[in-house]
Amino acid sequence: MITDTYTIISQEELSPGIFQMALYAPQMAQEALPGQFVDIYCASKDKLLPRPISLFDADPVEGTLSLIYAVVGKGTEEISSMVEGDTIRVTGPLGHGFPLEQARKMEEIFLVGGGLGIPPMYLLARRLHILYPEKPIRVFLGFRSEPWIGEIFSAFGEVLPSSDDGACGFKGTVIDRMKNYLDTADSGSRILYACGPIPMMRAIQPFAADHDIETWFSLEERMGCGFGACYGCPARLRTEEGGSVLKRVCKDGPVFPGKDVIFA
Ligand code: FES
């Protein structure tokens with residue numbers, strides 16, 4: 001884990017209220033794993049708590065980190081107002097990323113992203129494609145309506161978008177789209193990595209159990225410290241003994257076995 005001040009090399013509004021920011025952060029870019037996040041600190045003294053933001057991409061050769069985030073309050077509003085050449089304090093990479101080794105024995109990989117859960121799937125797609133270039137990757141992306149990201153995933157796999165109103169791709173949820181895909185797909189072993197809204201993740205659990213698909217979820221939770229000290233980011237998980245236990249999303253996660261997550 002590194003804390004340092006980095007220079008912003010680009011900042012762009014992808015869609016109203018959704019921004020992509022790139023930083024020159026060579027050491028962090030070397031260490032970054034898919035599914036990890038960083039804490040971004042605002043310069044204003046009245047905003048002491050950092051803002052956790054998932055990694056969208058990391059390029060160890062160029063030494064760059066890329067983040068996609070939504071403006072949801074005064075902190076992210078301040079971050080979105082920064083421009084190329086400004087500097088920003090960052091701690092990271094934080095948390096445990098997605099287990100890539102688990103995909104080795106599988107015949108097909110599903111990546112499932114909904115809303116702001118889509119960006120973390122990009123670095124994951126890139127690394128899985130490097131590790132297992134022959135393995136088919138299907139990227140299921142869920143939108144409310146018009147897409148604001150998507151085609152860039154086609155460098156690593158087949159993109160299968162869906163939207164609530166049918167404005168892009170299949171009309172329905174990502175679960176509907178996966179069922180539709182499996183209707184005509186060959187049988188085989190599959191692993192599914194997902195990040196997105198809780199209703200989406202909750203719906204994936206019975207779908208994955210019915211189709212015998214191993215799942216890994218990256219949870220999004222409100223955070224305080226971001227590194228395990230405040231217990232402000234609890235997630236409840238099933239234990240092997242049939243009980244449950246509270247884990248910290250920031251430190252113990254944010255990635256957990258999908259079958260073990262208990263959604264409230
Ligand atoms: Fe403090 Fe997770 S945010 S323990």
Side-chain angles (χ1 to χ4, degrees), residues 1-14 17-60 63-98 113 115-124 127 195-198 217-235 246-256:
M1 181 174 78
I2 310 157
T3 297
D4 211 337
T5 299
Y6 297 110
T7 301
I8 295 172
I9 53 177
S10 66
Q11 170 101 278
E12 177 191 359
E13 190 167 17
L14 299 177
I18 299 179
F19 287 79
Q20 179 172 355
M21 180 170 71
L23 306 169
Y24 183 64
Q27 196 185 344
M28 225 180 260
Q30 284 283 345
E31 294 183 13
L33 300 171
Q36 290 189 301
F37 65 97
V38 294
D39 273 348
I40 302 275
Y41 292 85
C42 296
S44 306
K45 295 289 175 255
D46 60 331
K47 302 182 193 77
L48 288 178
L49 288 177
R51 268 60 189 172
I53 300 179
S54 302
L55 299 177
F56 166 65
D57 200 8
D59 186 332
T64 55
L65 271 190
S66 185
L67 314 170
I68 291 180
Y69 62 95
V71 172
V72 291
K74 293 209 177 316
T76 40
E77 191 179 317
E78 180 181 320
I79 294 164
S80 73
S81 71
M82 302 179 81
V83 297
E84 181 184 340
D86 287 348
T87 57
I88 192 162
R89 197 163 149 249
V90 182
T91 295
L94 295 164
H96 297 284
F98 288 104
L116 278 171
I118 293 174
M121 292 295 131
Y122 185 72
L123 181 56
L124 179 59
R127 296 285 169 89
C195 186
I198 287 176
F217 290 168
S218 178
L219 301 184
E220 296 172 315
E221 183 58 59
R222 280 182 173 278
M223 291 189 191
C225 67
F227 49 82
C230 74
Y231 288 79
C233 57
L246 281 179
K247 297 277 189 183
R248 295 162 297 181
V249 170
C250 70
K251 179 89 173 171
D252 305 315
V255 176
F256 296 102

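Please read all numbers here as calculations on a predicted model, not as lab measurements. What's counted below: heavy atoms across the whole structure, side chains too, no hydrogens, waters or symmetry copies.
Between atom CD1 of residue Ile79 and atom CD1 of residue Ile8 there is a gap of 8.5 Å, rounded to the nearest 0.5 Å. To the nearest 0.5 angstrom, Cys42 atom SG is 10.5 Å from Glu77 atom CD. We find the CD1-CZ distance between Ile118 and Phe56 to be 10.5 Å, quoted to the nearest 0.5 Å. Going from atom CG of Leu124 over to atom CG of Leu55 covers 11.5 Å, rounded to the nearest 0.5 Å. The structure places CG of Leu14 at 9.0 Å from CZ of Phe19, a figure rounded to the nearest 0.5 Å. Annotation: the span from Cys250 atom SG to Tyr231 atom OH amounts to 9.5 Å, rounded to 0.5 Å.
Within the 4.5 Å cutoff, the side chain of Leu23 has no heavy atoms near those of the Met28 side chain.
Between the side chain of Arg248 and the main chain of Gly228, a donor-acceptor pair closer than 3.5 Å is present. The backbone N or O of Glu84 lies less than 3.5 Å from no partner atom in the side chain of Gln11, so there is not a single donor-acceptor pair. No donor-acceptor pair closer than 3.5 Å links the side chain of Glu31 to the backbone N or O of Pro93. In this structure, the side chain of Arg51 engages the main chain of Leu49 through a donor-acceptor pair within 3.5 Å.
In terms of heavy atoms, Phe98 sits closest to Ser218 at CZ-CB, 3.5 Å. Across Phe37 and Pro52, no two heavy atoms sit closer than the pair CD1-CB, 3.9 Å. Gly92 approaches Val38 most closely through the heavy-atom pair CA-CG1, 4.2 Å. Contact detail for Gly226 and Leu94: the closest heavy-atom pair is O-CD1, 3.7 Å. Contact record, Leu33 with Arg127: CA-NH1, 4.3 Å, taken as the closest heavy-atom pair. The two residues Gln36 and Gly97 make their nearest non-hydrogen contact at CG-N, 4.0 Å.
Applying side chain to side chain donor-acceptor pair (under 3.5 Å) to Thr91 and the options Asp39, Asp4, Thr3 leaves one that passes, Thr3.
Side chains of Ser66 and Gln20: a donor-acceptor N/O pair is present below 3.5 angstrom, by distance only.
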Please walk me through it: do Ile40 and Met21 pass side chain to side chain contact (heavy atoms under 4.5 Å, CB included)?
CA-CA 11 Å; Ile40 302 275; Met21 180 170 71; 4.3 Å; yes

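Residues passing the side chain to side chain donor-acceptor pair (under 3.5 Å) test with Glu220: none are found, sequence neighbours excluded.
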